[in-house]
Participant: 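Following this message is one structure expressed as structure tokens.
All heavy atoms count here, side chains included; hydrogens, waters and symmetry mates do not. It should be emphasised that the depicted structure is a prediction, and the values quoted were computed from it without experimental measurement.
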Amino acid sequence: MINPGDMYYVITNDEDIRRKAQNGGAITTMLKYALEAGLVDAVVVMVKGADIYDGVPRVITCPDEVITSAGSLHSAHVNIGRFIARYLDGARHMKIAVTVKPCDARTLVKLGSMGKVKMENVTMIGLNCGGTVHPIRTRELIERMNASVMDAFVREEVEKNEKSRRENCLRCETKIPYMTDLICGNWGVVGPKAGKATFVEVSSEKGARILDGTAQAGLLQLSPPDPKGVEMRRRINNGMAKLAARHQAEQFSLNNADIDYWAKEFSKCIKCQGCILYCPVAFEAKLKTPHYEGKGRLPPAFSYHIAKAAAVGQNCINCGCCDDVCPVDIPISKLYHDVQKRLETDR
């Protein structure tokens, strides 16, 4: 019997999944089983669109199609929580299993608290995340290393070149998403199973049911993790959390107290409201132009940005979607994340 708190090295028994998936294929196999067993009505995954930089959310209801989601998209930065809230009616009428990065998980938890997602219908399969890489940086890595995408990322991690990650990812202190139902990744897999198995930690009864059912069906091989691997995983997480605190201190103290810095940045604003439309927690916000500002004014008054920070900042989950879509490259998430951390400290 599998219970919350249990940890395992997990490998699929499905040869087709093993050939296509990474690190043992545990996640793909569990998602497929969840559909076959009727534990969920659909799984929501990210699949490759036009290229490796284009992640497309996909709703799958046929178990045999789950294999199309196997593998990783390190440069496809899409927040899947917004997709569930906006296009799946917040999972109010269907049970879903979804693979999530830590920022996706934080989004779903936040949307659940706002009544926009029915969390009892959502099973989150969490992915350990050291940060996503901007598409331009990914292209540079592949060209510089003359390697495949995965080889480039692995070598980059070995070289510990943290600057390849997005700025918001460098600030993120949540690398292991403990708020999910199952936590999966390759951190802590050592010895002969390194690169061939997934380290899975069970963190809820929902997660335990899926893992236990998949194993009982003979679809997975489970073995206890090496204690050295467990300790390694803990150290990786703690080390990254310390790095995140350092990056927060550097990024926040460098500019955020400088009103002239932000006045210069916001002077570039064209008021497209992309940062609101693509924010996974504030996409439904309706920001009205203050009556004293006048219509058609560009750049908008500084008060417009103050109103945005007040509306969005307290709910910021530091996913960086606003940075990605800003056409004039204003580092918006840096300000909102700072506001959120200050409010968190003051509570």
Side-chain angles (χ1 to χ4, degrees), residues 27 44-46 55 57 73-74 76-88 90-91 96-132 165-185 187 201 203-204 206-207 237-238 240-241 243-245 247-248 251-252 275-276 278-285 309 311-325 332-347:
I27 295 173
V44 182
V45 293
M46 197 70 66
L73 293 170
H74 293 273
H77 185 60
V78 178
N79 192 300
I80 210 162
R82 175 178 176 271
F83 174 81
I84 292 171
R86 187 164 188 176
Y87 299 106
L88 297 182
I96 64 172
V98 56
T99 53
V100 292
K101 307 183 300 298
C103 54
D104 297 323
R106 288 198 304 272
T107 298
L108 285 167
V109 171
K110 176 63 70 173
L111 290 173
S113 70
M114 298 166 70
K116 294 182 178 181
V117 172
K118 190 174 181 179
M119 290 303 293
E120 54 262 45
N121 283 347
V122 178
T123 300
M124 294 191 288
I125 312 296
L127 309 173
N128 297 341
C129 182
T132 56
R165 301 303 192 259
R166 284 179 167 85
E167 275 203 346
N168 63 290
C169 294
L170 293 177
R171 295 192 306 266
C172 178
E173 64 267 36
T174 308
K175 305 301 183 181
I176 296 180
Y178 286 106
M179 71 287 284
T180 60
D181 300 292
L182 290 166
I183 308 166
C184 306
W187 300 348
E201 179 176 357
S203 46
S204 77
K206 281 194 291 186
N237 186 49
N238 290 346
M240 287 189 169
L243 281 175
H247 283 292
Q248 285 182 21
Q251 292 185 36
F252 294 163
C275 54
I276 297 295
Y278 286 91
C279 176
V281 295
F283 59 89
E284 293 180 330
V312 180
Q314 63 177 336
N315 293 319
C316 179
I317 45 88
N318 187 39
C319 66
C321 287
C322 51
D323 293 341
D324 285 352
V325 300
I332 308 166
S333 72
K334 182 164 65 174
L335 174 63
Y336 292 172
H337 190 202
D338 188 13
V339 170
Q340 188 273 328
K341 295 301 291 185
R342 289 170 186 266
L343 289 172
E344 183 181 82
T345 302
D346 291 340
R347 290 191 184 106

Participant: Looking only at atom types and distance, does a side-chain atom of Asn121 sit under 3.5 Å from a main-chain N or O of Ala91, one as donor and one as acceptor?
Facilitator: yes
Participant: Mind checking what makes side-chain contact (heavy atoms from CB on, under 4.5 Å) contact with Ser204, not counting sequence neighbours?
Facilitator: Asp181, Lys206
Participant: Does Leu111 form a side chain to side chain contact (heavy atoms under 4.5 Å, CB included) with Val281? I'd like the steps, not just the answer.
Facilitator: CA-CA 6 Å; Leu111 290 173; Val281 295; 4.3 Å; yes
Participant: Apply ring-ring contact (aromatic ring centres under 6.0 Å, His included) to Tyr87 and list each qualifying residue two or more places apart in sequence or on a separate chain.
Facilitator: Phe83
Participant: With a 4.0 Å cut-off on N to O distance, would you call Asp104 and Lys101 a salt bridge?
Facilitator: yes
Participant: Roughly how far apart are Ser113 OG and Asn315 CG, rounded to 0.5 Å?
Facilitator: 7.5 Å
Participant: Nearest 0.5 Å, please: how far is CE in Met124 from CE in Met179?
Facilitator: 7.0 Å
Participant: Side chains of Met46 and Thr99: closer than 4.5 Å at any heavy-atom pair?
Facilitator: no
Participant: Indicate yes or no: does Arg166 engage Asp324 in a salt bridge with an N to O separation below 4.0 Å.
Facilitator: yes
Participant: For the residue pair Pro102 and Asn128, establish whether any side-chain heavy-atom pair is separated by less than 4.5 Å.
Facilitator: no
Participant: Do the side-chain N and O atoms of Asn79 and Thr107 include a donor-acceptor pair separated by under 3.5 angstrom?
Facilitator: yes
Participant: Could you go through the side chain to side chain contact (heavy atoms under 4.5 Å, CB included) check for Cys279 and Cys322 one step at a time?
Facilitator: CA-CA 6 Å; Cys279 176; Cys322 51; 6.0 Å; no
Participant: Keeping the roles fixed (side chain from Glu173, backbone from Ala241), state whether a donor-acceptor pair exists under 3.5 Å.
Facilitator: no
Participant: Just to verify, what does Ala97 make a side-chain contact (heavy atoms from CB on, under 4.5 Å) with, not counting sequence neighbours?
Facilitator: Leu31, Val40, Val43, Thr123
Participant: Run the side chain to side chain contact (heavy atoms under 4.5 Å, CB included) test on Asp323 and Glu167 for me, step by step, so that the C-alpha distance in whole Å, both residues' side-chain angles and the decisive distance to 0.1 Å come before the verdict.
Facilitator: CA-CA 9 Å; Asp323 293 341; Glu167 275 203 346; 5.7 Å; no
